[in-house]
Amino acid sequence: MSDATLPKGYEPADVEARWGKHWEDNKTFSPDPAEVLSGEKQPYSIVIPPPNVTGALHMGHALNLTLQDILCRFMRQQGKSVLWVPGTDHAGIATQNVVERQLKKEGKKRDDLGREAFIERVWDWKKEYGDRILNQIRRMGASVDWTSERFTLDEGLSKAVREVFVRLYGEGLIYKGNYIVNWCNRCHTALADDEVEHAPKKGKLYRIRYALADGSGELIVATTRPETLLGDVAVAVHPEDERYTFAIGKKVILPLVGKEIPVIADAYVDKEFGTGCLKITPAHDMNDWALARTHGLEVIPVIDDKGDMNENAPEAYRGMGKNACRDKVVEDLEALGLLVDIADHDHSVGECYRCKSVIEPHVSEQWFVKVAPLAKAAREAVPAQTKIFPAQWEKTYYEWLDNIRDWCISRQIWWGHRIPAWTCEACGELIVQTEDPTNCPKCGGALKQEDDVLDTWFSSALWPFSTLGWPEKTDKLKAYYPTGVLVTGFDILFFWVARMMMMGIHFQEQVPFHHVYIHALVRDEQGKKMSKSTGNVIDPLEMIGKYGTDSLRFTLTAFAAMGRDIKLSEKRIEGYRHFVNKIWNSARFALMNMEGAPRAELKDAQGLANRWILHRLEEVKDEVESATLEYRFNDIAQGLYRFIWNEFCDWYVEMAKGDLYGTDEAAKEATRKVLLTVLSETMVLLHPVMPFVTQEIWTALPGITNPDLATVRYPERRPQFKSEQAARDMAFFQGVVGATRAIRTELCIDPAKKLPLIIDTAGDNPNAFDIIHNNMALIMSLARIDSVIYAPGNDGPYASGTAIVEGCRIFVPLEGLVDFSTELARLDKELGKLDKQLAALKGKLSAPGFANNAPADIVAAENEKLAGIEDAKAKMTELQERLKSALAEEA
RNA sequence: GGGCGGAUAGCUCAGUUGGCAGAGCAUCGGCCUUACAAGCCGGGGGUCGCAGGUUCGAGCCCUGUUCCGCCCA
């Protein structure tokens with residue numbers, strides 16, 4: 001678009017496709033590390049939180065991408081060398097499940113294919129569908145560097161993963177051991193603590209008699225899982241629980257099994273819960289496991305990895321499913337008279353975050369990272385080297401790191417980074433190294449690699465440096481590590497952020513990012529989590545189709561700092577589409593009035609409107625910059641919204657029409673220049689939030705030297721245009737126009753009717769006379785007035801609508817046009833407002849101690865305010881009295 | 001059970017060193033005023049969850065309390 005016109009309506013789809021392609025084809029967002037290494041530019045980098053390769057763009061992604069894009073585009077405007085790395089996560093369990101479902105349709109299982117073929121199959125799937133989410137990122141307008149795209153399972157990242165694993169193993173920070181883990185019977189794998197979700201469930205609490213072996217009585221034990229009693233190794237009571245002190249050290253007979261187990265004392269037991277007697281099943285309960293360790297108790301698993309009772313259970317129960325076994329155990333206990341009762345009991349149950357199956361604590365051999373040393377460094381780095389925004393999350397971060405347990409990193413699935421450890425089948429030697437060994441270095445025997453793969457988060461934890469080429473010492477790594485900020489939701493603060501901190505510090509000796517910005521979760525308008533099953537999902541792509549990317553981005557930005565959750569509804573997006581339209585139309589207006597005006601440097605500002613809008617523009621530049629640097633995204637959006645709509649469109653453009661449509665060529669030229677300057681600089685300020693509409697308008701502006709707005713620098717400051725005087729003068733002008741309009745509307749004057757206006761400029765504003773004198777034509781057009789009489793001390797006719805603006809009385813003569821009882825009532829209402837303010841102010845000023853204790857400037861300001869209101873009240877009362885008596889005389 | 005956050009207009013929420021409670025949407029009234037009816041002009045609407053405290057002054061700071069949400073156990 002070269003000529004200075006714009007089509008009547010903004011067509012987002014066309015513009016987005018065109019510019020998206022332009023930016024990608026021109027590699028606009030692919031920086032050269034050399035410009036950083038040479039010292040020419042400062043680096044600014046962000047690594048994208050890699051979405052699951054199986055994923056589809058949802059509102060959380062849309063928010064996350066929008067905020068990062070605002071930062072990246074803004075930093076480019078600041079002259080930084082900006083690298084935003086895109087990519088996807090291989091998402092072990094999720095992706096494997098997708099392909100397994102595919103196989104199921106063909107009537108096959110993964111075992112039918114075997115490991116190699118299955119993995120091949122997953123790669124095929126990835127090739128076919130893995131780009132979906134990436135293309136959706138494109139549609140958000142994200143200014144990522146596509147030449148830097150990575151996948152957590154690609155070759156380079158695999159190298160990084162092996163390097164890290166081998167080094168940690170060498171340092172004794174990775175070990176293999178028996179441990180109780182969260183086990184999903186369905187996914188057939190161990191899960192990390194934070195992959196387990198806790199959901200409230202209705203359950204039962206069973207009370208069961210355990211007889212003391214010496215026949216001196218019985219203990220009644222409360223449990224929610226009676227089937228696990230087959231694996232009990234002790235009963236525990238609180239050491240200070242007087243009901244049971246007699247039993248401590250004795251033995252009880254384990255029902256249905258018949259063996260004797262000890263009664264132990266431990267302060268962990270909650271005296272209030274159930275009966276105060278806790279049965280200890282170390283193999284099937286996390287807490288019992290811990291208790292068994294401190295008391296040196298045996299661990300007897302009775303449930304196997306499929307959820308069935310194993311050979312340690314009495315013969316009657318072997319092979320039964322755990323649920324069936326529970327029924328049988330209860331039945332048998334009842335038959336033996338050992339069951340006291342069953343009560344309803346609500347408790348929280350762990351579920352697999354992938355398939356929602358109930359988690360079964362399970363003892364097995366797994367690989368672990370010893371995290372305590374890593375966690376210590378990660379904790380200490382905050383906030384000195386890495387600052388978390390908002391800072392309240394620091395506490396949560398510390399809380400987690402202080403209570404961290406070793407990280408179970410092995411998963412019994414196939415899709416993922418296979419653990420680089422081999423066991424010699426001959427001598428049992430364990431080999432851990434980056435390169436695949438051929439045979440045992442000790443005895444030459446055949447080797448077998450570990451079957452397990454690594455937790456997906458293990459590779460994600462390396463993302464900030466693995467994507468930059470580590471373990472190679474690449475220019476990219478040197479230039480862009482550490483990254484500037486990590487932008488993410490709080491839900492993965494632990495899964496991911498804390499682990500990146502640990503790995504980054506350990507392997508790069510530097511934190512992976514200077515800042516962490518934690519943003520809200522996007523919920524539906526009722527505040528519920530969006531989910532497909534609830535059917536309350538608002539699809540970002542659908543919204544983009546209906547309202548355009550810019551509308552969606554602006555909406556998310558405007559709500560970005562509003563607390564922890566964003567309640568989103570389609571109506572809001574639709575509302576901000578109106579804003580996009582408003583911007584478009586204001587640009588159309590400006591271009592219609594440019595007539596190819598040459599772009600020349602702005603030297604001075606003439607006229608109230610120009611002086612004022614340039615002053616405001618300077619303020620907005622400051623606001624947008626500081627808000628962006630401080631991650632106050634909603635302030636960026638709101639500041640620009642107000643400026644563009646309520647100031648630029650509603651006032652400036654309307655006032656500019658005076659010059660633009662007038663005959664004073666010099667004024668016309670000056671105003672064109674200001675109009676073009678404000679419009680074009682506003683497009684730059686808004687570009688990070690709304691890249692497309694601003695770019696499209698930018699291209700149409702006359703005199704543009706750089707047509708690609710994405711590479712245009714942030715506007716220079718013009719401090720000479722900052723003018724508090726202009727702001728004050730404008731406020732008075734707006735007051736006069738606003739008061740006049742209000743009189744018209746509230747007295748129901750025909751809008752077409754032109755009225756005269758009389759202003760007594762002898763008020764509190766020393767510039768009143770000049771402001772009115774110099775802007776008479778504007779007042780006439782904005783307030784629909786046909787004549788203005790202004791002079792200090794002038795009285796208008798009593799038969800007027802009246803108002804007080806900064807102590808100036810304004811009169812709209814309405815003789816014969818209205819019923820003046822309406823005006824009297826209107827003045828009553830206004831006086832009522834003044835009285836309210838007066839009462840509050842007087843109360844404050846007369847309060848004992850105010851004059852003495854409050855700062856002098858506050859006292860002076862309050863007194864001035866009081867004088868102003870009292871003056872206005874006196875004047876208004878007088879006007880009302882005058883009108884009243886005149887009306888009485890007439891009658 | 002431990003921790004964190006929220007409660008402000010009908011709705012969704014701003015409110016950055018304590019100094020006259022704001023916005024958007026919704027609502028009511030009036031306008032096709034030559035960029036925009038996806039618009040313009042004007043109006044109404046709040047005991048800032050509750051109870052105390054600090055202060056000349058509290059939506060904001062402190063204590064307690066109720067309700068809601070989230071995380072961890």
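These numbers come from the heavy atoms of this one structure, side chains and all, not from hydrogens, waters or symmetry mates. All of these numbers come straight from a predicted model, not from anything done at the bench. Labels below follow one simple rule: chain letters A, B, ... track the order of the sequence lines, proteins then strands, and each chain is numbered from 1.
Contacts between residues 646-653 of chain A and RNA chain B, counted as heavy-atom distances below 4.0 Å, involve A:Cys649, A:Asp650, A:Val653.
For A:Lys571, no side-chain nitrogen or oxygen approaches OP1 or OP2 of B:C25 to under 4.0 Å. Considering only side-chain N and O atoms, A:Lys582 lies under 4.0 angstrom from the phosphate OP1 or OP2 of B:C40. Taking side-chain N and O atoms only, A:His578 has a distance below 4.0 Å to OP1 or OP2 of B:G39. Side-chain N/O atoms of A:Asn853 include one lying less than 4.0 angstrom from OP1 or OP2 on B:C56.
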Every protein N/O lying under 3.5 Å from an N/O of nucleotides 30-34 of chain B:
none

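On a pure distance criterion of 3.5 Å, a polar donor-acceptor pair joins the side chain of A:Glu654 and the base of B:A35.
Residue A:Leu660 holds its CG atom at 6.0 Å from CG of A:Leu675, rounded to the nearest 0.5 Å. Expressed to the nearest 0.5 Å, how far CE of A:Met543 lies from CG of A:Leu552 amounts to 8.5 Å.
Taking the charged nitrogens against the carboxylate oxygens, A:Lys657 and A:Glu654 do have a contact shorter than 4.0 Å, which makes a salt bridge.
With sequence neighbours left out, the salt bridge (Lys or Arg N to Asp or Glu O under 4.0 Å) criterion links A:Glu619 to A:Arg616. Contacts of A:Trp289 classified as ring-ring contact (aromatic ring centres under 6.0 Å, His included), with partners at least two apart in sequence or in another chain: A:Tyr179.
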Let's go through A:Glu570 and A:Tyr547 carefully: what are the C-alpha distance in whole Å and the side-chain angles of both, what is the deciding distance for side-chain hydrogen bond (donor to acceptor under 3.5 Å, both in side chains) to 0.1 Å, and is it a yes or a no?
CA-CA 10 Å; A:Glu570 182 168 347; A:Tyr547 308 110; 2.6 Å; yes
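Tested against A:Asp550, the residues A:Val580, A:Val689, A:Leu686 include a single side-chain contact (heavy atoms from CB on, under 4.5 Å) partner, A:Val580.
Computed from coordinates, the A:Lys395 NZ to B:G2 C1' distance equals 13 Å when rounded to whole Å.
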Quick tally for nucleotides 57-62 of chain B: nucleotides whose base has a protein heavy atom under 4.0 Å get B, sugar-phosphate-only ones S, the rest -, giving ------
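Annotation for A:Arg642: atom CZ does not count as buried by contact number, only 12 or fewer foreign heavy atoms lying within 6.0 Å. Annotation for A:Lys753: atom NZ does not count as buried by contact number, only 12 or fewer foreign heavy atoms lying within 6.0 Å.
A residue-by-residue look at A:Arg642 and A:Lys829 shows that A:Arg642 has its nearest nucleotide of RNA chain B further toward the 5' end.
The strand RNA chain B forms stems, runs of 3 or more Watson-Crick or G-U wobble pairs with distances below 3.5 Å, at B:1-7 with B:66-72, B:10-13 with B:22-25, B:27-31 with B:39-43, B:49-53 with B:61-65.
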